[in-house]
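Each chain gets a letter, A, B and so on, in the order its sequence line appears, and its residues count up from 1.
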2 protein chains.
Amino acid sequence: MTKKTPKHAYIKSYEYIRDKILNGELPRGTKLTEERIAEELGVSRTPVREAIRKLEQEGLILQKKVVNPTDSDLRNIFQVRILLEGYAARYSATYMSEESLEELWKCIVTARTGTTEEIMEANEKFHNIIVQTSNNPFMIDIIDRMQSIIYLFRKTVVYYKRPFLIDEHEQIYKAIYHHDGDEAERLMKEHLQKDLDFCLHYFQQ
Amino acid sequence: MTKKTPKHAYIKSYEYIRDKILNGELPRGTKLTEERIAEELGVSRTPVREAIRKLEQEGLILQKKVVNPTDSDLRNIFQVRILLEGYAARYSATYMSEESLEELWKCIVTARTGTTEEIMEANEKFHNIIVQTSNNPFMIDIIDRMQSIIYLFRKTVVYYKRPFLIDEHEQIYKAIYHHDGDEAERLMKEHLQKDLDFCLHYFQQ
DNA sequence: TTTAATTTTTTTGTATACAAATTTAATTAA
DNA sequence: TTAATTAAATTTGTATACAAAAAAATTAAA
């Protein structure tokens, strides 16, 4: 019965635009105008403007247009992700709690048996648990900001069923389980590099 | 005839607030109100509001208040900086141009002989050249966003004359000069770690 | 035809108004 | 006194209006 109505118009606008970009309804390169979106949402331009600014900061909108990342952009974004998540994986090997470890394992099980939508979620959660374990809100925030763009790639990886995706997750899990930080970092970096290579292959649509 | 508005009001507002925070005129913890700043600047609330949002994204303002970072915040921010600049240093050892290398050396010379203000600049430039060499706009952007906060610390390091600051720069320079990526990364990480330790010591104001 | 200059339309940036929410101050009850 | 309530004030979020700037369409000149 409780409908999750965002309290503020600018949050509503933000989520509306973001979701339209992420699910492809607003194709890359589309020019956004405050007026039109405001009309669609039945709000004024003021909150829409704020939402667009936020999306610009997140890199999903560039000069009023939906981003259209080049291969080089993808490589650059992943380079950062590899550094940060690699560190988080190493850190996790020492500091991850029992509960998180169990959660991590559940992600692997779900990803093996679930629907595409469940795999998407499990995949996201797997990485999230590790990132959260870094216990560095500043780092978490940076990765959060990348999340929207990362989502665009995760979709590719899951939808086109990249081979060994879950096997790699399992290997990472084991390294963390055995408190082997070096190995966890190495495997995570390798894993993300493969994601990147796979995406680059499929990204010339 | 051109108007007396060379810039946009929201840019003017952004720079005004940022500078006031960075030079200490707005002490940490100060609550900012859109109205007052708008009045001070002789503009309306609309552009001020936009500026504050941007500063919030950059981490200089948190919940309408000037940030007041804790020790733990400093550690977290530096952890990210160490990762990214460490990578950039390693990369620089292979890819830095002759011109940049010369510029880098100039920074060291200036820092040895210059005024405090010149040392500040040379210090900033030294790190900037290395970051730019990473040739990753995405990474550069993240470090840029941290720049305002980093500035707060750089001031501490230079003002209180942290020992061996420039010697460490010289060591890093040499490692890059000799294309020793491993060493460049190691030294850069060590260098930033010392900056952090020093700041933590002086930061109980 | 293309190119340049012009007008028209759209879109943005800013100011302003006002209600809702929040904070602060004042008042009352314990 | 302190705690709880209420009233006043400040501050925020949003809508709206309008001028400046940018983009698109039109016309004139090559």
Between Arg49(A) and Glu50(B), does any side-chain N to carboxylate O distance fall below 4.0 Å? yes
Using atom [atom1] of [X] as one end and atom [atom2] of [N] as the other, report the distance to the nearest whole Å.
X        : N       : atom1 : atom2 : result
Lys65(A) : dA23(D) : NZ    : P     : 9 Å
Arg49(A) : dT12(C) : CZ    : P     : 8 Å
Glu50(B) : dT12(D) : CD    : P     : 16 Å
Glu35(B) : dT14(D) : CD    : P     : 18 Å
Tyr14(A) : dG13(D) : OH    : C1'   : 19 Å
Tyr10(A) : dA15(D) : OH    : C1'   : 17 Å
Lys64(B) : dT10(D) : NZ    : P     : 18 Å

For each nucleotide in nucleotides 16-24 of chain C, reading 5' to 3', give B when a protein heavy atom comes within less than 4.0 Å of its base, S when such contact involves only the sugar-phosphate, and - otherwise. BB----S-S
Determine the interplanar angle of the Tyr173(B) and Trp105(B) rings, folded into 0 to 90°, and report it as parallel if under 30°, tilted if 30 to 60°, perpendicular if over 60°.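 Because their plane-to-plane angle lies in the 30° to 60° range, the rings of Tyr173(B) and Trp105(B) count as tilted.
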Tell me the ring-ring contact (aromatic ring centres under 6.0 Å, His included) pairs involving residues 43-84 of chain A, sequence neighbours left out? Phe78(A)-Phe153(A)
Does Arg36(B) have a side-chain nitrogen or oxygen under 4.0 Å from the phosphate oxygens OP1 or OP2 of dT12(D)? no
Ser97(A) backbone acceptor or donor facing Ser100(A) side chain under 3.5 Å: no
Go through the structure and list residues passing salt bridge (Lys or Arg N to Asp or Glu O under 4.0 Å) with Glu15(B), not counting sequence neighbours. Lys7(B)
Give [X] one of three labels, base, sugar-phosphate or nothing, depending on what nucleic acid heavy atoms sit under 4.0 Å from its own.
X        : result
Glu34(A) : sugar-phosphate
Ile11(B) : nothing
Ile52(A) : nothing

Would you say the side chains of Asp197(A) and Gln193(A) form a donor-acceptor pair under 3.5 Å?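 Result is yes, a qualifying pair exists.
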Quick check for you: to the nearest 0.5 Å, what is the distance between Leu83(A) atom CG and Tyr87(B) atom OH? 7.0 Å
